[in-house]
Amino acid sequence: MAAEPLLRVEHLCQYFGPVHAVDDVSFSVMPGEVFGLVGESGCGKTTTGRSIIRLYDITDGSIWFKGQRIAAGTLSCRRRIADARRRMRGASPEERTALAAEIAEARRQLREAVRDHRSVSKDLLTRIQMIYQDPIASLDPRMTVYDIIAEGLRIHGERSKETIDGKVYGILDRVGLTREHAHRYPHEFSGGQRQRIGVARAVVMQPEMIIADEPVSALDVSIQAQVINLLSDLRHEMGLTVLFIAHDLSVVKYFSDRIGVMYFGRLVELAGADELFAHPLHPYTRALLSAIPLPDPLYERDRRRIVYQPKPEAEDAALREILPGHFVRCGAAETESYLREAEA
Amino acid sequence: MPNQSPILKATDLTISFRTPSGLVRAVRGVSFSLAPGETLAIVGESGSGKSVTCKAAMGILPGNAVIDGGEILVDGKDLLRLPEREFCKMRGRKIAMVFQDPLSSLNPIMRVGKQLTEVMRLSGVPAAEAKQRALSLLAEVGISEPERRYRQYPFELSGGMRQRIVIAIALAANPDILICDEPTTALDVTIQAQILELLSRLKRDRGLSMIFITHDLGVVANIADRIAVMYAGKIVEEGTAEEVFYAPAHPYTWALLSSMPDLDTRDRLDAIPGTPPNMVAPPKGDAFADRNPYALAIDFEEQPPAFPITETHWAATWLLDPRAPRQQMPAALQERIARMKARREAQSHGR
């Protein structure tokens, strides 16, 4: 892939005290691509999405969007400085100079990270919008649909009533609601309609990227399909890039070009959607896929579920490319056996 | 199985709710029966009346519910007309329920052990024996270290473990019928698989009859012997799991099956247009007619009767009337069923 990725997540770490919610996660999303992030509750997929739009200050790593660093953490720099200081004691004069240089370099990077993190432009961040899971909790019950959708525009300095009207009514129409709906309150709508409002609020800002966090899991099957179709239409029309976060594997498979599987804060496997489902390599992915019930009673009767037995990770565990575009988290020693499995 | 006399039989069940906006017709003449040892899945979307049906069988309808008619017979007794005192003797012992959200169905300030032994103590089991029975129940539902869990509070347990506790509580008084209302909806896919395996094992070991309510068709395929599809307060199709999945006949069942994203294709999903009807004023004809691309003129006028297809399979749609034009199920769905068949064959050859 020659093109520049639109979003690049590098060694993202998000710690909440002792909880390592996201631990050293790296991936990139190409323009126009749908990247799916799956995993079970508590695996860090939602936190990853929220870190990207800076709902949290990230602990470590960097997030690049359109070539600019939009978030940066400082933990590794601080660790390097502390570590070098410790080694300073009882070091020979030559070592001291080297360590001093190391500290200066780490300090410089730290300052840079802090500067990038603080000075990121609001307009750039607006190019990323989020759709939340719960269409009840994510819409202010005391605001009309019109105000909910117009809020972002107003915050970004849009004053002209005419422009706002035009955009709000236009987007309502686009997501399958009507002009009459604009002056009602969220509680007057069904779940599917509320999720359409959530989608409208996100796309009215003309984003380049959408982070959709479980956008359909609170909806009934028939409504789910409506919202999935809506997202898929908008994606093609507006040329959107999507980070699609969900636990429902069939929805993710349907919607995504590439999929990353998360387990306990780490990305354990990353591959093209079809490749991942056809040839899952990591034992956790295999277990996860084998647990999906399919709407086929005879198949279900003989389905064998694979149980995941977590093994201690290799010291040098990292996401390694086994086949072109297919990555698995493993130690260097394990790559051989994965490669054999992949070829079998 | 169908020849055995049913353990539970609901006939023409009709239930409404009094609400500020009028009388909501939640269940409109539902009849079904449950044979001993079988699992009947009731499938439908929110508001289709599937939960209300089961709450009626448990005698736990909310205060604004009105039972307009029908009966639910268990052991020759009509549950809908049983005085509360009598019902108390049935609840738990004859028929028990597992709810969707294990966190809200457990008492947060009561230790697991106390919640488990409550039912037993109420029926006069001595404390020491109740504890022994509770511990063996915990082991039976696959909870490790039962002694420790017995003393814990619900918040100390994971979602899957809580649901196991809820199941253990439901089984505490050895019921014959277990009603499961979306027991796996709040759970992750691997935990869901574990709970489904547990329920299947319990059903086998204890000879339970189960009514399983869900909107997840994958789960239904996994657990059901028979399936009843509900829409707008009525059962629109009923048959064995194979019949409903491989030869569905009602357009709503078609729509439900084809609106699921499937693992093999990226074709545009056949979403069901529109929303379910307002049940304050249910439509005169087939409630699904408005959203049904195959609707006939008569669908808007008159409710379709149940047309039998096989001895165990029927559907309430005018398409099955001999005078109606022959209508095949949608091509995408036919393809999907063919693909499922191919996958099964590939799998059995692989062994």
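Below, each value reflects all heavy atoms present in this structure, side chains not excepted, and no hydrogens, waters or symmetry copies. All chains are named by letter (A, B, ...) in the order of the sequence lines, taking the proteins before the strands, and each is independently numbered beginning at 1.
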Undergrad: Measure distances from B:Arg336 to the heavy atoms of chain A and classify the residue's part below 4.5 Å as side chain, backbone, both or neither.
TA: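 B:Arg336 has no heavy atom closer than 4.5 Å to chain A.
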
Undergrad: Select one option (side chain, backbone, both, neither) describing which atoms of A:Phe277 are under 4.5 Å from chain B's heavy atoms.
TA: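 Only the side chain of A:Phe277 comes within 4.5 Å of chain B.
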
Undergrad: Taking heavy atoms only and a threshold strictly under 4.5 Å, list by residue number the residues of residues 193-200 of chain B that touch chain A; give 'none' if the list is empty.
TA: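 Under the 4.5 Å heavy-atom cut-off, B:Ala193, B:Gln194, B:Glu197 qualify.
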
Undergrad: One thing to verify: whether B:Arg343 and B:Asp262 come together as a salt bridge, which I'm taking to mean a side-chain N less than 4.0 angstrom from a carboxylate O.
TA: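 Between B:Arg343 and B:Asp262 there is no salt bridge, as every charged N stays at least 4.0 Å from the carboxylate O atoms.
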
Undergrad: Would the number of heavy atoms belonging to other residues, nucleotides or ligands and lying under 6.0 Å from CZ of A:Phe264 be above 12?
TA: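 No.
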
Undergrad: Under the criterion side chain to side chain donor-acceptor pair (under 3.5 Å), which of B:Glu242, B:Glu238, B:Arg226, B:Glu237 is the partner of B:His313?
TA: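 Exactly one option meets the side chain to side chain donor-acceptor pair (under 3.5 Å) with B:His313, and it is B:Glu237.
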
Undergrad: Just by distance, no angles: are the side chains of A:Glu269 and A:Thr285 close enough, under 3.5 Å, to form a donor-acceptor pair?
TA: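 On atom types as modelled, these side chains qualify, holding a pair under 3.5 Å.
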
Undergrad: A:Leu288 versus chain B, heavy atoms under 4.5 Å apart: side chain, backbone, both or neither?
TA: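 The answer is both parts of A:Leu288.
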
Undergrad: A:Glu275 side chain to A:Gly272 main-chain N or O, any donor-acceptor pair under 3.5 Å?
TA: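 Checked: no pair found.
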
Undergrad: Would you list the pairs meeting salt bridge (Lys or Arg N to Asp or Glu O under 4.0 Å) in which at least one residue belongs to residues 287-299 of chain A, sequence neighbours left out?
TA: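 Applying salt bridge (Lys or Arg N to Asp or Glu O under 4.0 Å) to every pair that reaches into residues 287-299 of chain A, excluding sequence neighbours, yields A:Asp296-B:Arg344.
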
Undergrad: Sort out for me which of B:Leu257, B:Leu187, B:Asp267 touches chain A most, counting heavy-atom pairs under 4.5 Å.
TA: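 Ranked by contacts with chain A, first place is B:Asp267.
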
Undergrad: Check whether B:Ala255 gets within reach of chain A through its side chain, its backbone, both or neither, counting any heavy atom under 4.5 Å.
TA: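 Interface part for B:Ala255: neither.
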
Undergrad: Quick check on A:Asp233 against chain B: is it the side chain, the backbone, both or neither that has a heavy atom closer than 4.5 Å?
TA: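 When you check distances to chain B, only side chain atoms of A:Asp233 fall under 4.5 Å.
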
Undergrad: Give, as side chain, backbone, both or neither, the part of B:Val189 having an atom under 4.5 angstrom from any heavy atom of chain A.
TA: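 Both backbone and side chain.
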
Undergrad: Where the side chain of B:His250 meets the backbone of B:Ala316, is there a donor-acceptor pair that is under 3.5 Å apart?
TA: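 Yes; judged by distance alone, with no hydrogens or angles, the pair exists.
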
Undergrad: How long is the gap from OG1 on A:Thr46 to CG on A:Asp213, to the nearest 0.5 Å?
TA: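 Output value for this atom pair is 3.5 Å.
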
Undergrad: Under 3.5 Å, is there a donor-acceptor pair between the A:Arg329 and A:Tyr284 side chains?
TA: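 On atom types as modelled, these side chains do not qualify, holding no pair under 3.5 Å.
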
Undergrad: For chain A, which of B:Asn222, B:Ile191, B:Leu217 has the most heavy-atom pairs under 4.5 Å?
TA: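 Between B:Asn222, B:Ile191, B:Leu217, the count favours B:Asn222.
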
Undergrad: As a test of understanding, state which of A:Gln193, A:Arg196, A:Gln195 forms a side chain to side chain donor-acceptor pair (under 3.5 Å) with A:Gln226.
TA: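 Looking at A:Gln193, A:Arg196, A:Gln195, the match for A:Gln226 under the side chain to side chain donor-acceptor pair (under 3.5 Å) is A:Arg196.
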
